[in-house]
Amino acid sequence: MTEPESRLSRPIEPMPPTVEQALVDSGLLNAYRARPPYQRNDYLGWINRAKRLETKQRRLDQMLSELERGDVYMKMDWRPGRVDVDAD
């Protein structure tokens with residue numbers, strides 16, 4: 001999956017194939033893509049920094065759970081911004 005160019009000032013984290021597959025398998029890839037670039041990058045960095053496989057999996061599970069809920073980001077309340085839709 002190729003991410004669009006970002007204006008983030010910190011390095012862009014790579015998407016591990018296991019994370020991408022988990023997003024696809026759970027049906028949450030669109031929910032992930034709908035999050036702001038900083039959130040996507042933070043989630044990936046947080047997962048990538050884990051040294052133990054168990055920790056990586058726990059963090060991945062938390063990300064998936066938060067994406068499924070839709071109103072949480074890193075255990076904090078979060079509300080998505082207004083989405084502009086072209087009116088015809």
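These numbers come from the heavy atoms of this one structure, side chains and all, not from hydrogens, waters or symmetry mates. Quick caveat: nothing in here was measured; it's all calculated off a predicted structure.
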With a 4.5 Å cut-off on side-chain heavy atoms, are [Y] and [X] touching?
X   : Y   : answer
L53 : Q57 : no
S26 : Y32 : no
M74 : Q39 : no

Listed by chain and number, what are the salt bridge (charged side-chain N to carboxylate O under 4.0 Å, His left out) partners of R79, not counting sequence neighbours?
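Listed in chain order: nothing, the list is empty.
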With sequence neighbours left out, write down each residue that passes salt bridge (charged side-chain N to carboxylate O under 4.0 Å, His left out) with D71, or none if nothing qualifies.
R69
Any chain of hydrophobic side-chain contacts (each under 4.5 Å) joining L28 to V72?
no
With clusters defined by side-chain heavy atoms of hydrophobic residues (ILVMFWY) lying less than 4.5 Å apart, directly or transitively, does M76 cluster with M63?
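As far as the 4.5 Å side-chain criterion goes, M76 and M63 are connected within one cluster.
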Please report the interatomic distance CE(M15) to CG(N41), rounded to the nearest 0.5 Å.
10.5 Å
Distance col, row L44:CG vs E20:CD, nearest 0.5 angstrom, shows 10.0 Å
Centroid-centroid under 6.0 Å between Y43 and Y73 rings
yes
Who passes side-chain hydrogen bond (donor to acceptor under 3.5 Å, both in side chains) against D77, sequence neighbours left out?
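For D77 there are no side-chain hydrogen bond (donor to acceptor under 3.5 Å, both in side chains) partners, ignoring immediate neighbours.
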Hits for side-chain contact (heavy atoms from CB on, under 4.5 Å) against P14, two or more places apart or cross-chain, chain-then-number order -> N48
Can you give me the closest heavy-atom contact between W78 and P36, atom names plus distance?
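Nearest heavy atoms, W78 then P36: CZ2-CD, 3.8 Å.
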Closest non-hydrogen atom pair between R35 and R40, with its separation
O-NH1, 2.5 Å
Within residues 55-68 or reaching into it, pairs that qualify as salt bridge (charged side-chain N to carboxylate O under 4.0 Å, His left out) - sequence neighbours excluded
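For residues 55-68, and leaving out neighbouring residues, there are no salt bridge (charged side-chain N to carboxylate O under 4.0 Å, His left out) pairs at all.
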Report the residue from V19, T18, L23 that forms a side chain to side chain contact (heavy atoms under 4.5 Å, CB included) with L60.
V19
Walk me through whether Q62 and I47 qualify under side chain to side chain contact (heavy atoms under 4.5 Å, CB included).
CA-CA 10 Å; Q62 179 181 327; I47 293 167; over 6 Å; no
For R49 and G45, indicate whether the former's side chain and the latter's backbone hold a donor-acceptor pair under 3.5 Å.
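At least one qualifying donor-acceptor pair exists.
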